Amino acid sequence: MKIATWNVNSLRVRLPHVLQWLAAAQPDVLAIQETKTVDEQFPVAELEVAGYSAVFAGQKTYNGVAVLSKSPATEVVTDIPGLDDPQRRILAATLDGVRVVNLYVVNGAEVGSDKYAYKLDWLAKVTAWLQQQAAAYPKLVVLGDFNIAPQDRDVHDPVAWGEGILCSPPERAALQAIQALGLQDTFRLFEQAEKSFSWWDYRAGGFRRNHGLRIDLILASQALVAVCQSCVIEREPRTWEKPSDHTPVVAVFAE
DNA sequence: ATGGTAGCGACGCTA
């Protein structure tokens with residue numbers, strides 16, 4: 001089972017890229033963040049032609065998550081207990097016996113800001129719910145745009161980024177709390193090139209200079225870690241004309 | 001000191 005995550009930064013703008021990538025990569029599941037598309041405008045028909053069904057939770061202008069899959073999704077959840085949030089950032093679904101939780105984690109803007117407080121509160125509530133998901137579903141994948149670089153090696157310039165947003169100790173502790181539920185960062189199960197990133201700022205030639213961060217993650221429960229065969233960052237879509245600022249991350253699990 | 005670009009929807013907000 002091939003499972004991928006990709007923050008597309010507007011599905012309406014990026015649909016040609018998504019279709020091109022699906023045709024070539026043929027993942028079983030693609031979790032998408034930042035669709036920026038209301039449900040009424042979700043491109044169901046185009047994706048169906050490509051061989052994918054979709055579940056989605058969209059809103060106007062911002063956020064929005066979706067899960068595309070070759071097999072139909074069941075047990076779809078978009079809202080969790082204790083988090084009364086109009087922002088569409090969560091989509092859980094079951095696919096061929098695997099529980100997939102797609103997260104578009106709050107960015108947080110700046111350490112100490114209101115948005116930062118919202119990020120940490122959001123993460124705490126999501127983590128409490130993930131604990132229940134982990135208990136209910138031994139085969140669990142939690143993936144998406146985490147807006148947290150797990151370690152300094154996931155940051156192109158750890159000195160410059162310091163303890164700022166996406167790198168601050170409270171954010172990293174929040175990610176650790178999720179991993180403490182028994183979820184491992186599948187990318188680090190394997191040997192990887194140094195300076196492997198999944199997001200590069202559009203500004204200041206970020207991609208050209210490989211000034212990026214690894215903030216798009218695929219976490220897996222022990223039952224899936226045991227059968228995880230690979231986790232790779234696919235850089236190519238970031239080289240295409242008018243790309244998303246993120247590129248796909250793909251994990252393969254046996255069976 | 002706080003740039004640079006992209007997307008959305010009306011010149012600012014978010015990332």
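Numbers restart at 1 for each chain; the letters A, B, ... are given by sequence-line order, proteins then strands. Excluded from the calculations below are hydrogen atoms, water molecules and symmetry mates; all remaining heavy atoms, backbone and side chain alike, are included. These figures come from a predicted structure and were not determined experimentally.
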Exercise for the section: Could you check whether A:R208 gets within reach of a base, just the sugar-phosphate, or nothing at all, counting any heavy atom under 4.0 Å? Expected result: nothing

Handout entry: Separation of B:dA15 P from A:N147 CG (nearest whole Å)
Key = 8 Å

Practice task
Tell me whether the OP1 or OP2 atom of B:dG7 has a side-chain N or O from A:K242 closer than 4.0 Å.
Solution key: yes

Problem - Of the listed nucleotides B:dA6, B:dT14, B:dG9, the one nearest the side chain of A:T61 - result: B:dG9

Exercise for the section: Just call it for A:F207: base, sugar-phosphate, or nothing, with non-hydrogen atoms closer than 4.0 Å on any strand. Expected result: nothing

Practice task
Measure from the side chain of A:N107, starting at C-beta and using heavy atoms only, and say which of B:dA15, B:dG7, B:dG9 lies closest.
Solution key: B:dA15

Which atom pairs link the protein and nucleotides 3-5 of chain B when you take only N or O atoms and keep those under 3.5 Å?
unit_1: B:dG4; atom_1: O6; unit_2: A:R203; atom_2: NH1; d: 3.4

Exercise for the section: Give a yes/no answer on whether the side chain of A:R14 brings an N or O atom under 4.0 Å of OP1 or OP2 in B:dG7. Expected result: yes

Problem - Rounded interatomic separation in angstrom, taking NE2 from A:H17 and P from B:dA6 - result: 13 Å

Problem - Integer-rounded Å distance: B:dT14 P and A:K119 NZ - result: 15 Å

Exercise for the section: Provide, to the nearest angstrom, the distance between the CG atom belonging to A:N9 and the P atom belonging to B:dC13. Expected result: 19 Å

Exercise for the section: Evaluate the ring planes of A:W21 and A:W6, with Trp represented by its six-membered ring, and classify them as parallel (under 30°), tilted (30 to 60°) or perpendicular (over 60°). Expected result: perpendicular

